[in-house]
2 protein chains.
Amino acid sequence: MAVTDEAIEKIKGMIVSGALRPGDRLPRESELAAALGLSRNSLREAVRALSLIRILDVRQGDGTYVTSLDPQLLLQAMSFVVDFHRDDTVLEFLAVRRILEPAATAMAALRIGEQQLDALAAQLDRLGDSPSVEELVACDLEFHRGIVQSSGNSVLCSLLDGISGPTTRARIWRGLTQEDAVARTLREHRAILAALRDRDAETARSWATVHIASVEQWLRSSL
Amino acid sequence: MAVTDEAIEKIKGMIVSGALRPGDRLPRESELAAALGLSRNSLREAVRALSLIRILDVRQGDGTYVTSLDPQLLLQAMSFVVDFHRDDTVLEFLAVRRILEPAATAMAALRIGEQQLDALAAQLDRLGDSPSVEELVACDLEFHRGIVQSSGNSVLCSLLDGISGPTTRARIWRGLTQEDAVARTLREHRAILAALRDRDAETARSWATVHIASVEQWLRSSL
DNA sequence: ATGACCCGATACGTCGGAGGTCTTCAACGC
DNA sequence: GCGTTGAAGACCTCCGACGTATCGGGTCAT
C-alpha cells in the first residue's frame, strides 16, 4: 500500500477513534508529515483527497481542520460522484427517488410547521404565469427540497439532494418537449402542498408518487 | 480557485463530456500536467483525490485509467464517507434503510431467480447454532445484499450497501447481545425468504419492514 | 518452435527544498 | 478608539532527482 493511502487511513482512524473531533485543527503539514512518516508532498495528496469528500477543510494561511462531519456535508460529496453517471442510469436514480421522496413527503406531513407551509406557498406563488425552464427547474428543486427538509431526517434530505442531480437534466428535457408539463407540475405541487396542510400523510405520499411517476413514465417512453 | 481544484474540474469535465471514456487511459502525469498547465505534484493531488472516489484507477508502472464508472463502484466510495458518521446519526441512516429496503425486497420478489433463492437458503443454513458476532454481521449483510441485488436496480443496491455497511451494522449488532434478538432475526430472515419464494411482494415488503423496525425500535430504546 | 528468463523502457511513487501567497494578529501611528 | 502596517505562521506551487513496479521485446535453453 502506498504511503499516501496509509496516511489517508491513519487520518481517518484519528477521526473515527475520536482523537480528532469535528472542528479540530490538524498539526501543520510539516509536523503531520513527520508524525506519519512521509514527505509533505505525499501527505498533501492524502489531505487533498479527504478534502474533496469534505472530511477536511483546508484554509490557506490558516490551517487544516476537521469539518463538522454532518451527514448533510458528507453526503454532499455524493452529488459530485453522481455527476459522472451516464444517462442510461438516470432511470435507476429516478426509481430510487420514487421510493424515497414519497416516504419523505409523508414524514413531512406529520411534522412540517405552519411557517414552512407558508414559505412553500409563497414560493409557489412567486413563480409567474410563464416561467422560464431554468426558473421552473429551480422552483421544482427548491419545493421538493423544502419538503424533504421538513421530514426531519438530514440523511434522507442529503441523499435525495444528491440523486436529484442527474434528474435535473431530465426535468429540463421534459420542460422542453412537453407543453402541458409545466401546468401539470404546478398543479401537482399545489396538490402536495394542500395534503401537507391537511396533515394527510397518505395523500401527500400518493401525490408525490404520482408526481415522480409521471416524470419516470415520460422518460422511459422517450429513451 | 487552486490549480489542483481546477485540474479536478477539468478532468471531471473530460470524462463527463465524453472526451475520456470508461477504461480510457490518461496521458502520463508529466504530459497531462503540461496540458493542464500545472506541475506534476499538483496534478498528482487531483488524481489522488479522484482515485479515492473511484473515478480514476492508478496503476504504478502502467498508467492511469478511467474506471468503469459503474454506479456500484462509484457509490462504493460512499461507505468510506459513512464510516465517519458518529453513532448519534445511526438512527437516521436506519430510517432511510427502513424506507429503501422493504421497497427493494418487494421488487426482488417479482424478479428473483430460483438459483438466487437456493443460494439464500443455503447461506442461512450455513450459519451454525451459536454464531459469533462477526459471523452474524457477515451473514446479515450478505443475506440482505443478495436480496437487494435481485431488485435489479444497481443504484439502489449500492446505496443500501453504503448506508448499511459493515461499520454501521457492527455498531448495532455489538449491542444486540440478547439471545432472543438473534433468534428472532434468523426467524425473520427465513420469513422474508419464504415470501420471496412465494413471489408475494407485499408480504416480503412487510417482513422487511418488520425486520428493520424491530432493530430500529431496540436501538431507539437503548440510546 | 516453444517456453522461461532477462533487461531496458516506461510510468507512477516518494522525497527534499525553494519561493510564493494568503490569513491572522499584534504593534504602531493617527 | 480606529485604521494601518508589518511580521509570523500556514498552506500553495513548483522543480529536479531518484526509487519502484509493470510491460514487452529479445535471448537462450529445451
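Within every chain, numbering begins at 1; the chains are lettered A, B, ... in the order of the sequence lines, protein sequences first and strands thereafter. What you see is a predicted model; the values in this text were computed from it and never measured.
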**Asked** What's the CE-C1' distance between B:M1 and D:dC11, to the nearest Å?
**Response** 17 Å
**Request:** Would you classify A:S30 as touching base, sugar-phosphate or nothing, given that sugar-phosphate means primed atoms plus P, OP1 and OP2, and contacts are heavy atoms under 4.0 Å?
**Result:** nothing
**Request:** Before giving the answer on side-chain contact (heavy atoms from CB on, under 4.5 Å), spell out for B:Q123 and B:C139 the whole-Å C-alpha distance, their side-chain angles and the decisive distance to 0.1 Å.
**Result:** CA-CA 8 Å; B:Q123 187 214 319; B:C139 171; 3.7 Å; yes
**Asked** Could you give the CD-to-P distance, from B:E45 to D:dT13, as a whole number of Å?
**Response** 7 Å
**Asked** Can you list the steps and then say if B:L74 with A:V82 is a side-chain contact (heavy atoms from CB on, under 4.5 Å)?
**Response** CA-CA 8 Å; B:L74 266 56; A:V82 169; over 6 Å; no
**Complete:** From CD1 of B:I8 across to P of D:dC12 the rounded distance in Å is 12 Å
**Asked** Ion pair present between B:R97 and B:E216, side-chain N to carboxylate O less than 4.0 angstrom?
**Response** no
**Fill in**
Here the distance between atom P of D:dC14 and atom CD of A:E29, to the nearest Å, is 15 Å
**Prompt:** For D:dA21, does OP1 or OP2 lie under 4.0 Å from any side-chain N or O of B:R59?
**Reply:** no
**Whole-Å gap separating C1' (D:dC15) and CG (B:L38)** = 14 Å
**Item:** Side chain of A:R28 (C-beta onward), nearest among D:dG16, D:dT13, D:dA10
**Value:** D:dA10
**Message:** Tell me which one of B:L56, B:I11, B:L50 satisfies side-chain contact (heavy atoms from CB on, under 4.5 Å) with B:V66.
**Reply:** B:L56
**Request:** Kindly point out which of D:dC12, D:dC15, D:dT13 is positioned nearest to the side chain of B:T4?
**Result:** D:dT13
**Request:** Test side-chain contact (heavy atoms from CB on, under 4.5 Å) on A:D161 and A:R145 and set out the steps.
**Result:** CA-CA 7 Å; A:D161 249 26; A:R145 198 164 196 280; 2.7 Å; yes
**Message:** For the backbone of B:D62 and the side chain of B:R25, can you confirm whether one donor and one acceptor N or O come within less than 3.5 Å of each other?
**Reply:** yes
**Request:** Extract, from 5' to 3' on DNA chain C, the first and final nucleotides lying under 4.0 angstrom from some heavy atom of chain A.
**Result:** C:dT14 to C:dT23
**Request:** For B:D62 and D:dT20, give me the distance from atom CG to atom P, rounded to whole Å.
**Result:** 19 Å
**Asked** Between the side chains of A:S154 and B:E92, is a donor N or O closer than 3.5 angstrom to an acceptor N or O?
**Response** yes
**Message:** How many whole angstroms separate atom CZ of B:R40 from atom P of D:dC18?
**Reply:** 14 Å
**Message:** Nearest whole Å is fine: how far is D:dG16 C1' from B:N41 CG?
**Reply:** 10 Å
